[in-house]
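To start, the structure itself, in structure tokens.
All heavy atoms count here, side chains included; hydrogens, waters and symmetry mates do not. All residue numbers refer to positions in the sequence shown, counting from 1.
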Amino acid sequence: VQLVESGGGLVQAGGSLRVSCVASGRTSSKYIMGWFRQAPGKEREFVAAISWNGGRTYYADSVKGRFTISRDNAKNTVYLQMNSLKPEDTAVYYCAAAITDGYYYIGRTESDYAYWGQGTQVTVSS
């Protein structure tokens, strides 16, 4: 599975941005997807995850209520809608995926994922 993110950019605090991730390759399989981020000088951290059928989602406490993860399996795409952005949301955002057998399984750690995108930069100015 190959993953390509897009939609990053520069936005003012309080603004919104949507990043997307398109999957290609073994897209006939079921797969979970997630978003992680890495700020300068910090370790990569979990942001959000979604199950194969979209029926289950999970968020880091730091983004809960502000970010929404969704997916369109017909387009092999996962989205991360980010609202009320803060300067501390500045980071490179990575899309991740893993093949799954279940419809509701989600992954919350890096070890749950086998495939990673190259990342897209999101910068929030104060």
Side-chain angles (χ1 to χ4, degrees):
V1 177
Q2 292 79 47
L3 304 173
V4 178
E5 302 98 334
S6 62
L10 174 64
V11 63
Q12 289 188 335
S16 298
L17 202 62
R18 188 178 79 161
V19 291
S20 304
C21 173
V22 178
S24 61
R26 293 179 58 185
T27 54
S28 59
S29 301
K30 295 192 293 292
Y31 50 98
I32 59 171
M33 298 196 78
W35 286 96
F36 291 74
R37 67 186 182 186
Q38 187 168 20
K42 296 186 177 181
E43 294 186 351
R44 189 157 57 184
E45 64 176 1
F46 169 79
V47 175
I50 189 166
S51 61
W52 161 245
N53 64 357
R56 188 178 176 199
T57 58
Y58 186 78
Y59 298 91
D61 288 343
S62 59
V63 306
K64 199 173 296 182
R66 300 188 298 121
F67 290 11
T68 302
I69 188 171
S70 62
R71 66 188 298 165
D72 184 341
N73 288 345
K75 297 181 179 180
N76 299 316
T77 302
V78 64
Y79 306 96
L80 184 67
Q81 177 67 44
M82 303 180 288
N83 298 328
S84 302
L85 282 161
K86 304 174 181 179
E88 51 264 43
D89 294 318
T90 295
V92 177
Y93 283 71
Y94 296 92
C95 173
I99 304 297
T100 183
D101 292 330
Y103 287 93
Y104 289 98
Y105 178 75
I106 58 173
R108 305 179 187 185
T109 67
E110 290 190 43
S111 60
D112 291 323
Y113 295 92
Y115 307 100
W116 293 84
Q118 82 289 349
T120 185
Q121 176 71 46
V122 172
T123 303
V124 184
S125 63
S126 57

Can you give me the closest heavy-atom contact between [X] and [Y], atom names plus distance?
| X | Y | answer |
| --- | --- | --- |
| Val1 | Ala23 | CG1-CB, 4.1 Å |
| Asn83 | Ser16 | OD1-OG, 2.9 Å |
| Thr100 | Trp52 | CG2-CB, 4.3 Å |
| Gly107 | Phe46 | O-CE1, 3.6 Å |
| Ala91 | Gln121 | O-NE2, 3.4 Å |

>> Quick one, Ser51 with Tyr58, criterion side chain to side chain contact (heavy atoms under 4.5 Å, CB included). Give me CA distance, side-chain angles, the key distance, then yes/no.
In response: CA-CA 9 Å; Ser51 61; Tyr58 186 78; over 6 Å; no
Common cluster, [X]/[Y], ILVMFWY with side-chain heavy-atom separation under 4.5 Å:
| X | Y | value |
| --- | --- | --- |
| Trp35 | Trp116 | no |
| Met82 | Tyr79 | no |
| Tyr103 | Ile99 | yes |

>> Please determine whether side chain to side chain contact (heavy atoms under 4.5 Å, CB included) holds for the pair Ser70 and Gln81, giving the CA-CA distance in whole Å, both sets of side-chain angles, and the decisive distance to 0.1 Å.
In response: CA-CA 8 Å; Ser70 62; Gln81 177 67 44; over 6 Å; no
Tell me, do [X] and [Y] make a side-chain contact under 4.5 Å, heavy atoms counted?
| X | Y | answer |
| --- | --- | --- |
| Thr68 | Tyr59 | yes |
| Val122 | Val19 | yes |
| Val78 | Ile50 | yes |
| Arg66 | Asp89 | yes |

>> I'd like to know if Lys64 pairs up with Asp61 as an ion pair, taking the criterion as any Lys NZ or Arg NE/NH1/NH2 lying under 4.0 Å from an Asp or Glu carboxylate oxygen.
In response: yes
For [Y], is there any backbone N or O sitting under 3.5 Å from a side-chain donor or acceptor partner on [X]?
| X | Y | answer |
| --- | --- | --- |
| Arg37 | Val92 | no |
| Glu5 | Gly119 | yes |
| Thr90 | Val124 | yes |

>> The test is side chain to side chain contact (heavy atoms under 4.5 Å, CB included); show your working for Gln38 and Glu45 and say whether it passes.
In response: CA-CA 6 Å; Gln38 187 168 20; Glu45 64 176 1; over 6 Å; no
> Does the side chain of Thr77 come under 3.5 Å of the side chain of Asp72 through a donor N or O and an acceptor N or O?
Replying inline: no
> Cation-pi between Arg108 and Tyr113: NZ/CZ under 6.0 Å from ring centre and within 45° of the ring axis?
Replying inline: no
> Are Arg56 and Tyr105 in a cation-pi contact, defined as NZ or CZ under 6.0 Å from the six-membered ring centre and within 45° of the axis?
Replying inline: no
> According to the interplanar angle, ranging from 0 to 90°, do the rings of Phe67 and Tyr93 count as parallel (below 30°), tilted (30 to 60°) or perpendicular (above 60°)?
Replying inline: tilted
> What's the spacing between Phe36 CZ and Glu43 CD if we round to 0.5 Å?
Replying inline: 12.5 Å
>> Run the side chain to side chain contact (heavy atoms under 4.5 Å, CB included) test on Leu10 and Ser125 for me, step by step, so that the C-alpha distance in whole Å, both residues' side-chain angles and the decisive distance to 0.1 Å come before the verdict.
In response: CA-CA 7 Å; Leu10 174 64; Ser125 63; 4.3 Å; yes
> Out of Val47, Leu80, Ile106, which residue meets the side-chain contact (heavy atoms from CB on, under 4.5 Å) rule with Ile69?
Replying inline: Leu80
